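Report on the structure given below.
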Protein chains: 2
Amino acid sequence: MTTAQETERAADSALSNPSAVGLVAVIVAATDGEPRALTVQVGGQARGRSDGLPAGPLVPEHPTLERGLRAWVERQTHQRLGYVEQLYTFGDRDRQGDDGGGLHSLSVAYLALVRELRPAGLAEAAWRNWYHYLPWEDWRAGRPDSLGEIEAKLLAWAEGTGDPKQRRRREDRLGLTFGLCGGAWNEERVLERYELLFEAGLIPEAQGQSGEARDADLTVTGQPMALDHRRVLATAIGRLRGKIKYRPVVFELMPPTFTLFQLQRTVEALSGTNLHKQNFRRLVAQQGLVEETDGVTSGATGRPARLVRFRREVLLERPAPGFRLRPARRPT
Amino acid sequence: MTTAQETERAADSALSNPSAVGLVAVIVAATDGEPRALTVQVGGQARGRSDGLPAGPLVPEHPTLERGLRAWVERQTHQRLGYVEQLYTFGDRDRQGDDGGGLHSLSVAYLALVRELRPAGLAEAAWRNWYHYLPWEDWRAGRPDSLGEIEAKLLAWAEGTGDPKQRRRREDRLGLTFGLCGGAWNEERVLERYELLFEAGLIPEAQGQSGEARDADLTVTGQPMALDHRRVLATAIGRLRGKIKYRPVVFELMPPTFTLFQLQRTVEALSGTNLHKQNFRRLVAQQGLVEETDGVTSGATGRPARLVRFRREVLLERPAPGFRLRPARRPT
DNA sequence: GGCACAATGCTCAGTTTGAGCATAAGTGAG
DNA sequence: CTCACTTATGCTCAAACTGAGCATTGTGCC
């Protein structure tokens, strides 16, 4: 190492305060057309435990953050991680539970996609449908009923400001994120929606009562999670919904061979919208994302479907292979 | 705070090791049709100093990481930050200068866009054209000459493996990132290209000689930077190139009013490619990204151009306003 | 065989793109 | 004052892409 570097590193270190740093992982699978995240039970015995995401320490033995995460998750959950990407680094005060100490606490969050859905390794771990935590994000069966109540509360929150300027701004945000006031629903704005609900006081975690939730809320504002883990989950979903449009990451969730309709169901599960079947197939075919095998499905009702597999070569051919998601008006 | 939460937090902290955490900022401006990043001089007197990005400690006084960054940058550089987004968190071993200690060192990197280009505040700070550090990324004047030499070296590196399987994989990566072997150039893969060059040993920083570089290299593999700052810069450029396609972030770099051609030049500067002028205007008009003012340019040669301003309302209207960049074959 | 059901094939009008031609409105030289 | 030159802006046109829906093909079941 050169002298210049040593000096630089010293200066760098001198400037930094030590902080507590942890990892959080959103481990995603999709089976039976449902998007699932791996959750664990966290919290003590008092006031009940609550769902959380797998989280742990930064393991210094590993050469890179990502490799450390892989090793840690694979050991803990016996899941083989396919695709891994860094999501976001959450700071202490962004999170709740600000204890006022001078020590910052960071969480480096990762998104991981796994192909198979094993019984979830850890005793306390479980695969949960992610819309359990964010029910308003699932538009596959049409606009969720719960959105009516949510919107009413959000509008009340927007009205509840004295300052007309701030009120205007709040209404704009509602339009932008929830499609109120003439805006359109954009399935990628998962995090923005969550944060708006948080600000509007509709998220129990905001009041520091993470373990608690009246049953009524569960279907409207969803199941709470420990700490800021729902925010992390929202970040993951938003990122994934964006990514499938220009990268073939969905295939990380599929078995080796699958039918085009299963693929469509998975994409729909992630994006929370329905797609036009024929056009979806056309898109997949045009992009050359899959190649046929000689297998077909059997047993189910209806005409058997051809089994296909991911065509790895697209990675080398197309600049941005993925699915542009145009939601279908009609159910199918 | 509930008991459950306290327990959770305690568990969380117990799991975490203290680490040294710092911030790094890529502060971007665009003036005269050139993309610029704010750089500082780092390093001691021996072996010369080298360019680096503004970096500093995590400041615990601030409620969120982003706000802390804003305050810190604005105090240091007297730049008013417009758009700010978190880029990536770089771990110690990803970086160079692994000192083997058990203490992890993280850098949380941010991307910031600033509108005006002041004389750069700090004495040691300077605005530098970012292609100075990554010259192969600038295709505005056609394919950079230096790419010839780079490709030759990369191919040699790929050939240089005994294992034919690994060699195949390396060639695939070359095709994917540099458009060799029949691939196409994708302007977003800035980081992947940098990392490939790094692995291939074409980046002086890799050998821990950051301050050193033969003059010949400067035009071929670019000016080195301290530590892993070039990697951070590459991450920023890649992110920005992606973002302008679906978010109107370019306007954060523009003065209050500007001409369509200035806008085009800025987009071209960021993306490193040329665009078809008439189609660019059509796109901007269709998307309703700007509105006319009644000003026009004067003094310059040629027909005066109408001055326009950013139409903030698009943020509320369009789902993903931005520029889809279709490079023009011909210069204009 | 006939029916229900899902898979797959195909059409068609309306947009969006890529590329280029044509015209307008200034400046500076002669 | 006019011409040459330069940049801005308007407009066209074929090709490709989209959104939507109709039609046909295989299977299991009665």
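The structure presented is a predicted model; accordingly, all values stated were derived computationally and were not measured. Chain letters run A, B, ... following the sequence lines, proteins first and then strands; every chain starts at 1.
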Provide a list of protein-nucleic acid N or O atom pairs under 3.5 angstrom, restricted to nucleotides 4-8 of chain D.
{"residue": "dT7(D)", "atom": "O2", "partner": "R303(B)", "partner atom": "N", "Å": "3.2"}
{"residue": "dA8(D)", "atom": "OP2", "partner": "K277(B)", "partner atom": "NZ", "Å": "2.4"}
{"residue": "dA8(D)", "atom": "N3", "partner": "R303(B)", "partner atom": "NH1", "Å": "3.4"}

Could you work out, with ring pair (Phe, Tyr, Trp, His ring centres under 6.0 Å) as the rule, every residue matching F310(B), not counting sequence neighbours?
F251(B)
Between E85(A) and Y83(A), a side-chain donor and acceptor under 3.5 Å
yes
Length of the line joining Q287(B):CD and dT16(C):C1', which is rounded to integer Å:
11 Å
Inspect the surroundings of CZ in R312(B) and state if more than 12 heavy atoms from other residues, nucleotides or ligands are less than 6.0 Å away.
no
Looking at E34(B) and R140(B), is any side-chain nitrogen of the basic one under 4.0 Å from a carboxylate oxygen of the acidic one?
yes
Is it the case that R193(A) places NZ or CZ above or below the six-membered ring of W185(A), under 6.0 angstrom from the centre and within 45 degrees of the axis?
yes
Record whether the side chain of R282(A) comes under 3.5 Å of the base of dG9(C) through a donor-acceptor pair of N or O atoms.
no
Taking the nucleotide of DNA chain C with the closest heavy atom to each, which residue, N279(B) or L307(A), is nearer the 5' end?
L307(A)
Rounded interatomic separation in angstrom, taking NE2 from H276(B) and C1' from dG18(C):
8 Å
Between L275(B) (CG) and dG20(C) (C1'), how many Å, whole number?
16 Å
I want to verify a distance call: between dT9(D), dG9(C), dT18(D), whose nearest atom is closest to the Q286(A) side chain?
dT18(D)
Nearest-Å distance, CG (L260(B)) to P (dT9(D))?
6 Å
When you check the gap from the basic side-chain N to the acidic O, do R247(A) and E252(A) get nearer than 4.0 Å?
no
